[in-house]
J.: 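Below: one structure in structure tokens.
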2 protein chains.
Amino acid sequence: MGVKEQRERKPRADVQRNRAALLEAAQRHFLRDGVGASLEAVAKEAGVGPATLYRHFPTREALLAAVLQTRSEELVARRAEIARLADASERLRQWLRAMEEYFSAFSGLPEPLMAAAREREPDNPLTLPCDDLIATTEEYLRAAQTAGLARPSVTGYDLYLAAVSTAWISGTGATDEESLGRLRTLIESGYREQNDKG
Amino acid sequence: MGVKEQRERKPRADVQRNRAALLEAAQRHFLRDGVGASLEAVAKEAGVGPATLYRHFPTREALLAAVLQTRSEELVARRAEIARLADASERLRQWLRAMEEYFSAFSGLPEPLMAAAREREPDNPLTLPCDDLIATTEEYLRAAQTAGLARPSVTGYDLYLAAVSTAWISGTGATDEESLGRLRTLIESGYREQNDKG
DNA sequence: AACAAAACGGAGGCTGACTCCGTACAGGAT
DNA sequence: ATCCTGTACGGAGTCAGCCTCCGTTTTGTT
């Protein structure tokens, strides 16, 4: 007795409708204005009041995380493709690039990402995805190191930070694609083992 | 006739007093709260109304640039010391470190710095200092390249970007000093020429 | 001491974050 | 088909910060 499982009351129709409308509007605004977009504007565009937005997504980070979910799935798919590559060095390189693009989904995204890492509040909806990303980086890096293709002193977290930085720079919009390319090359030269043999 | 030089009316005493009070208060607040600190709070602490703050410093960037002036002078001094070092590689390394510390003066400083670079409005008071910094980096880098100590494909702007990124990461407060050190090493390995002879 | 220019500061308009609470409505029970 | 209950809604309202207008005060000069 006591614990009536109650199964779960299926979610109301308007709830699902509003949630979907909010996510769509939020994505548009984050794309246009970056992660600092006005949440009131998002609510208005979704055709709901501000309270409804906050009921669905208590914080800006929660909304961001929900919108990011789609992208996150793309990244997982890409990770699967990358895993099939033969060259460990190439796997690492492409994974870093994939992460960077993920971080560049919206202008200013790296900021709340790092904030989540700082606070380490487990309720921050951005924390968990990041931990996964770091673990995966670690994995690909280790393979490259074992093959003698990456310096042993480098860590997965280092490369994760490098990817976030690059995405941050890219998001500021102050730098052309050519400079970004050179910056990536610089980082690659930084972690690569350059023994002209093992 | 016509152009009465008027010499210059010496600046009023209250103007100087208020300016000094504002700068001091601003520095405190930027240190505590980062570059996003409340300007109203700064004005209040300086004992002036908001209008006075905006009269002295029309934009947040103007105030930031003025507060940064002191640090800027420290950087110039440090540059002079560095110039005396014998090793071109060491000069470059220390210069990059000095820039990074300068960028880390206040949390969030890299953001408006890059924004200034993006807009390229010559009236942005942060633009000019940056151009100088890039030029100096270029100079030290070129010396290192000539000595065969740095890759020829790297540019001064690349290293400037790398320094800004590192400062940005540092400013997020999400990363311990050890990781930052490894990141710096990574970058250094990235631009260094690793011929075991020239 | 008187004057004019320069500078001041508070009140107020604006935008965006976030909440409270009376109302409307969806969906199961009759 | 209707009732009934709890869930969700949304607008009005509070709060904080940015920035400006304009009547008043201060300052240096004559």
Side-chain angles (χ1 to χ4, degrees), chain A residues 4-23 25-26 28-30 32-67 106-108 111-112 115 123-125, chain B residues 4-23 25-26 28-30 32-67 106-108 111-112 115 123-125:
Chain A
K4 281 257 185 75
E5 264 305 338
Q6 187 71 9
R7 204 43 65 109
E8 66 256 4
R9 268 170 149 72
K10 67 180 58 170
R12 280 169 56 158
D14 50 352
V15 169
Q16 297 174 262
R17 190 158 25 83
N18 285 336
R19 184 186 158 89
L22 281 166
L23 284 175
R28 263 198 300 278
H29 281 252
F30 285 149
R32 174 172 10 269
D33 305 329
V35 296
S38 161
L39 298 186
E40 290 206 327
V42 168
K44 184 171 295 182
E45 182 166 318
V48 304
T52 297
L53 187 154
Y54 286 103
R55 205 172 300 113
H56 282 264
F57 308 101
T59 66
R60 181 181 294 271
E61 284 70 36
L63 178 56
L64 205 45
V67 173
F106 311 119
S107 165
E111 194 81 48
D123 60 329
N124 189 317
Chain B
K4 282 258 185 79
E5 264 304 340
Q6 187 70 11
R7 207 40 68 111
E8 65 255 1
R9 268 169 146 73
K10 68 181 59 170
R12 282 170 53 156
D14 51 353
V15 170
Q16 299 174 262
R17 189 155 26 84
N18 285 337
R19 184 185 160 90
L22 281 167
L23 285 175
R28 261 197 301 276
H29 281 252
F30 284 149
R32 176 174 6 270
D33 306 329
V35 297
S38 161
L39 297 186
E40 289 205 329
V42 168
K44 185 171 295 183
E45 181 166 317
V48 304
T52 296
L53 187 154
Y54 287 102
R55 205 172 300 114
H56 281 265
F57 307 103
T59 66
R60 181 182 294 271
E61 284 71 37
L63 178 56
L64 205 46
V67 172
F106 312 118
S107 165
E111 194 81 46
D123 60 328
N124 189 317

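Letters A, B, ... mirror the listed sequences (proteins, then strands); counts begin at 1. Keep in mind the model is a prediction, meaning the values are calculated, not measured.
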J.: How long is the line joining CD of B/Gln16 and P of C/dA6, in whole Å?
T.: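 It is 16 Å, rounded to the nearest whole Å.
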J.: Quick one: B/Asp14 CG to C/dC8 P, roughly how many Å, whole number?
T.: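 B/Asp14 atom CG is separated from C/dC8 atom P by 5 Å.
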J.: Find the distance A/Lys44:NZ to D/dC9:P and express it as a whole number of Å.
T.: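 That distance rounds to 18 Å.
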J.: Which whole-number value in Å describes the distance from B/Leu53 CG to D/dG17 C1'?
T.: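 Nearest whole value for this atom pair: 13 Å.
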J.: Could you tell me whether the side chain of A/Arg12 has a donor or acceptor atom within less than 3.5 Å of a complementary atom in the base of C/dA26?
T.: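 No, the side chain and the base share no sub-3.5 Å donor-acceptor pair.
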J.: For B/Arg17 and B/Pro50, find the nucleotide of DNA chain D closest to each by heavy atoms; which residue's nucleotide sits nearer the 5' end?
T.: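 It is B/Pro50 whose nearest nucleotide is closer to the 5' end.
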J.: Looking only at non-hydrogen atoms, find the nearest pair between B/Val15 and B/His56 and report the distance.
T.: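 Taking B/Val15 first and B/His56 second, the nearest heavy atoms are O-CE1, 3.4 Å.
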J.: Which of these, A/Leu53, A/Leu39, A/Val67, sits in a side chain to side chain contact (heavy atoms under 4.5 Å, CB included) with A/Leu22?
T.: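 The option that passes is A/Leu53.
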J.: Taking CG from A/Leu63 and P from C/dC18, how many angstroms apart are they, rounded to a whole number?
T.: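 For the pair A/Leu63 CG and C/dC18 P, the rounded distance is 11 Å.
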J.: Between A/Asn18 (CG) and D/dG10 (C1'), how many Å, whole number?
T.: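 Those two atoms, CG and C1', are 11 Å apart.
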J.: Hey, which sits more toward the 5' end of DNA chain C by its nearest nucleotide, A/Leu39 or B/Gly47?
T.: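 Its nearest nucleotide being more 5', the pick is B/Gly47.
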J.: Please tell me if A/Ser38 has a side-chain N or O lying less than 4.0 Å from either OP1 or OP2 of C/dA17.
T.: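 So the side chain of A/Ser38 is within the cut-off, an N or O lying under 4.0 Å from OP1 or OP2 of C/dA17.
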J.: Mapping A/Ala51 and A/Ala13 onto DNA chain C by nearest heavy atom, which one lands closer to the 5' end?
T.: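 Mapping each residue to its closest nucleotide by heavy atoms, the 5'-most match is A/Ala51.
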J.: Rounded to the nearest angstrom, tell me the gap between atom OH in B/Tyr54 and atom P in D/dC21.
T.: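 Roughly 14 Å, once rounded to whole Å.
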J.: Check this one for me: any side-chain N or O of A/Thr52 less than 4.0 Å away from OP1 or OP2 of D/dA8?
T.: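 Checking D/dA8 against A/Thr52, no side-chain N or O comes under 4.0 Å of OP1 or OP2.
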J.: I need the minimum non-hydrogen distance between B/Phe57 and B/Ala66, along with the two atoms involved.
T.: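 For B/Phe57 versus B/Ala66, the nearest heavy atoms are CE2-CB, 3.6 Å.
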J.: Tell me the interatomic distance from A/Arg55, atom CZ, to D/dG11, atom P, rounded to whole angstroms.
T.: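 Interatomic distance, CZ of A/Arg55 to P of D/dG11: 12 Å.
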J.: Is there a side-chain polar atom (N or O) of A/His56 under 4.0 Å from OP1 or OP2 of D/dC9?
T.: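 Yes.
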J.: Can you see which heavy atom on B/Arg60 is nearest to which on B/Ala37, and at what distance?
T.: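 Closest heavy-atom pair between B/Arg60 and B/Ala37: NH1-O, 2.8 Å.
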J.: Indicate yes or no: at least one non-hydrogen side-chain atom of A/Val35 is less than 4.5 angstrom from one of A/Glu111.
T.: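 With C-beta onward as the side chain, the pair stays apart.
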